[in-house]
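Nothing fancy with the numbering, it's 1 onward along the sequence.
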Amino acid sequence: MRPRLLAVALFLAVAVALPAAAAPRNVLLFVADGLRYVSVTPRSAPTLWRVKKKGVDFTNSHSLYPTITTVNAAAIATGHYVGDTGDFGNQMLTNFSAPEARNSRTPFLESDNIIGEMNDHYGGNYLNEESLLAAARKAGFATAVIGKTGPAAIQDVTARDGNSTIVIDDSIGTDDSIPVSPQIAAAMKAAGLEPTAPKTSVPNDDQQKYLLAIASKIVLPKLASSERGFVMVFWSRDPDASQHGTRDSVGKLSPGINGPSGTAGIRDASDSLQVLLDTLKSLGLNKTTDVFVTADHGFSTIWRKSKTSKAIPYVPKDGDAVPPSPDGEELPPGFVAVDIADALKMPLYDTGTLKQVDYQKGERPYAGNGFIGYDPNAPDVAVVSNGGSDFIYLLKDNAKALATQITSTLMNEDYVSGIFVNDTLGDIAGTLPMSAVNLMGSAVTTPPSIIVGFRSFVIPGCAPVLMCAAEVADTSLQSGQGMHGSFSRSDTRNFMAAIGPDFKKRFADGAPVSNADINPTLAHILGLSIQPKGRLQGRVATEAVKGGKPAVITRGWRASRPGPKGLRTVLNYQRVGGTRYFDAAGFPGRTVGLSVH
């Protein structure tokens, strides 16, 4: 045989002997905003139920506290707890006046433009950590995120050009949106899709179908062409939107968020996941794609009542009055700011307009946020509302003295359950330090001085418990609608499941897992190395991955020394190695799921 022919023959023989190149690994991360673990049944959410039954069912899942959307969006993105990401809530006190928030220092973070301003004022990345999508993008993976405005952009917080990572949220086509690349815009037009999304509704069907059409017809086929593989996040606004916006029983606890609106939102999320799974299958990607499903937080029905607050009696406007209750009268938005201002005998100002709020005449600070002091431009105290918890910032040299006075005031209010104080303020009776729940770390944003959680309880005659929690909330929403943000187990108990080539099949994972574990687990599967800046990190959930060994679990609790009236803030937690998981916290008898050992 001639030498050239011999060489060709040898090459072909070797080529035949070599195994076929492995198909690139892909990841789809699906976030069902506000989905409670117990709400997923074969009837209510068939697709979500099948995923957890055929794949990994995380039976001991956790949202991070405060149980707020952007808090957990940051944790999902970076794998770090709140003390590192500095995303303490949907509303925070910033060290600048945000033009996009009408120069307010307490902006609402579910906005692409506000997130851009946060980046500008905090070193180019206000989270100060690298996200999974950013790391995947740098490693050559195609990356995209589609869904709810705010938490979607947080998944690759520095990708703001529309090209590096495809970012499409429900503010698309408006002045408050990240630009869409010309290629995506052209594809949308060719597919008959409008340049702007439908408005959010209850249930959120139209908006969800619009974003799913972009995901299934345009983005996933584009990602499928990547030789390296892809990572895509889809953030479903439902069931959160439908549970917040339900009007099935305004002013009543039953059915609350368990009525037809909330049920429709759960089904909407489940059906949305099915569309994405069907698209993966049609593209031949179902066997090479790991699908991880989570929720940012759980949910509760609002019961905004108090017998002690100085913010009442209050005559509601616009016909939103509800009948008197033995639990007390309806709390107005901003009740914490009013009670603190009244106790300190200082003026209260709206954080946006800086106009004084005459709460004795029924005026209230917009969005519940207030400055307290004699100069609104240099206040002593700032109060920022976040649903089931509020943040208090002490801004002057009198912080330690005010902290003792304010916490004592709060412990006399029947709506309070648990108080966490910034470690720099020292040990205060009745409270735990913020470091106890990973709220003190390497954050570049300003941490609160005090975080106050609100009371929660089980709705009488309702079962199971984690579908039946009610909570006090500082919000403009009414009793009978939905909210989260508290430290009840109902709010920390989110839904989590996973399925795909790298996950175990039909495996119930009883180890504690949280939203901070998603980044390290998926980075492990994808072979990504992400260098942390802070130390408050989640772990790789190795017990859920094929070949992984069982996790060793320990449980514990911590209690403060008694404060006024003997009240103690108690914390229930679990641990796997050095990673801590927080079940519930508050005053015994005032928090759903809290146990005292």
(message) Treating Q537 as the side-chain partner and H80 as the backbone partner, does any N or O pair qualify as donor plus acceptor under 3.5 Å?
(response) no
(request) Identify the heavy atoms of D339 and S309 that sit nearest to each other, and give their distance. (result) OD2-OG, 2.8 Å
(message) If you compare all heavy atoms of S44 against all heavy atoms of I266, which two are closest, and at what distance to 0.1 Å?
(response) O-CG2, 4.0 Å
(message) Under the rule for salt bridge (Lys or Arg N to Asp or Glu O under 4.0 Å), what residues qualify as partners of D238, not counting sequence neighbours?
(response) none
(message) So, applying ring pair (Phe, Tyr, Trp, His ring centres under 6.0 Å) with F292, which one of F58, F30, F495, F234 is it?
(response) F58
(request) Can you sort out the partners of E130 under salt bridge (Lys or Arg N to Asp or Glu O under 4.0 Å), two or more places apart, ordered by chain and number? (result) K138
(message) On a heavy-atom basis, which atom in P46 and which in S270 lie closest, and how many Å separate them?
(response) N-OG, 3.5 Å
(request) Just do the side-chain contact (heavy atoms from CB on, under 4.5 Å) check on L109 and Y126 with the steps written out, would you? (result) CA-CA 12 Å; L109 296 190; Y126 83 95; 4.2 Å; yes
(message) For a quick test of reading the model, state the closest non-hydrogen atom pair linking I419 to T569 and the distance between them.
(response) N-OG1, 3.1 Å
(request) Not counting sequence neighbours, which residues clear salt bridge (Lys or Arg N to Asp or Glu O under 4.0 Å) with R568? List them please. (result) none
(request) Write out all pairs satisfying side chain to side chain donor-acceptor pair (under 3.5 Å) with one or both partners inside residues 457-467, taking only residues at least two apart or from two chains. (result) none
(message) Can you classify the ring geometry of H297 versus H484 as parallel (below 30°), tilted (30 to 60°) or perpendicular (above 60°)?
(response) parallel
(request) With side chain to side chain donor-acceptor pair (under 3.5 Å) as the test, would you mind laying out the steps for T47 and Q274 before giving the verdict? (result) CA-CA 6 Å; T47 300; Q274 186 63 55; 2.7 Å; yes
(message) Let me confirm one number: the CG-OG1 distance from D296 to T69, rounded to the nearest 0.5 Å.
(response) 4.5 Å
(request) Test side chain to side chain donor-acceptor pair (under 3.5 Å) on R535 and S442 and set out the steps. (result) CA-CA 8 Å; R535 297 180 178 180; S442 61; over 6 Å; no
(request) On the 0 to 90° scale, with breaks at 30° and 60°, tag the Y393-F391 ring pair as parallel, tilted or perpendicular. (result) perpendicular
(request) Could you go through the side-chain contact (heavy atoms from CB on, under 4.5 Å) check for I302 and E471 one step at a time? (result) CA-CA 5 Å; I302 299 168; E471 69 183 36; 5.6 Å; no
(message) Taking the basic N atoms (NZ, or NE/NH1/NH2) and the acidic carboxylate oxygens, is any pair closer than 4.0 Å for D156 and R137?
(response) yes
(request) Please determine, by modelled atom types, if S595 and N572 share a side-chain donor-acceptor pair under 3.5 angstrom. (result) yes
(request) Please name the residue in the list D33, T67, N515 that meets the side chain to side chain donor-acceptor pair (under 3.5 Å) test with N72. (result) N515
(message) Taking the side chain as everything from C-beta on, heavy atoms only, tell me whether Y65 gets closer than 4.5 Å to N438.
(response) no
(request) Decide yes or no for D583 and Q574: does some side-chain heavy atom of the first lie under 4.5 Å from some side-chain heavy atom of the second? (result) yes
(request) Report the distance from atom CD1 of I76 to atom CG of L64, rounding to the nearest 0.5 Å. (result) 9.0 Å
(message) Could you measure the distance from the CG atom of D84 to the CG atom of L536? Nearest 0.5 Å is fine.
(response) 4.0 Å
(message) Is there a side-chain contact (heavy atoms from CB on, under 4.5 Å) between M232 and N26? Walk through the geometry before answering.
(response) CA-CA 8 Å; M232 188 177 96; N26 312 303; over 6 Å; no
(request) Kindly compute the distance separating OG (S514) from CG (N494), expressed to the nearest 0.5 Å. (result) 8.5 Å
(request) Would you check, one step at a time, whether the test side chain to side chain donor-acceptor pair (under 3.5 Å) holds for Y581 with D517? (result) CA-CA 10 Å; Y581 300 86; D517 297 336; 2.7 Å; yes
(message) Quick check for you: to the nearest 0.5 Å, what is the distance between W235 atom CH2 and I146 atom CD1?
(response) 14.5 Å
(message) Under the criterion side-chain contact (heavy atoms from CB on, under 4.5 Å), I'd like the reasoning laid out for I257 against Q481: C-alpha separation, chi angles, the key distance, then a yes or no.
(response) CA-CA 6 Å; I257 59 173; Q481 295 186 292; over 6 Å; no
(request) Measure the shortest side-chain to side-chain distance between V381 and L395 over non-hydrogen atoms and say whether it is less than 4.5 angstrom. (result) no
(message) I want to check a possible cation-pi pair here: R36 against F299, using under 6.0 Å from ring centre and within 45° of the ring axis as the test.
(response) no
(message) Working note: D423 + S435, criterion side chain to side chain donor-acceptor pair (under 3.5 Å); need CA distance, chi angles, decisive distance, verdict.
(response) CA-CA 7 Å; D423 293 49; S435 60; 2.5 Å; yes
(request) Could you pull out the closest heavy-atom pair between T308 and S306, with the gap in Å? (result) N-OG, 3.0 Å
(message) According to salt bridge (Lys or Arg N to Asp or Glu O under 4.0 Å), who are the partners of K400, at least two apart in sequence or on a separate chain?
(response) none
(request) Among F587, F335, F487, find the one that has a ring pair (Phe, Tyr, Trp, His ring centres under 6.0 Å) with F454. (result) F335
(message) Considering only residues two or more places apart or on different chains, which pairs with a residue in residues 495-513 satisfy side chain to side chain donor-acceptor pair (under 3.5 Å)?
(response) R25-D502
(request) Identify the heavy atoms of D87 and L127 that sit nearest to each other, and give their distance. (result) CB-CD2, 4.1 Å
(request) Could you grab the distance from atom CG of L48 to atom NZ of K53, nearest 0.5 Å is fine? (result) 13.5 Å
(request) With the side chain counted from C-beta on, respond yes when F507 and K52 share a heavy-atom pair under 4.5 Å apart, and no when they do not. (result) no
(request) Could you tell me whether the side chain of N258 and the main chain of S254 form a donor-acceptor pair under 3.5 Å? (result) no
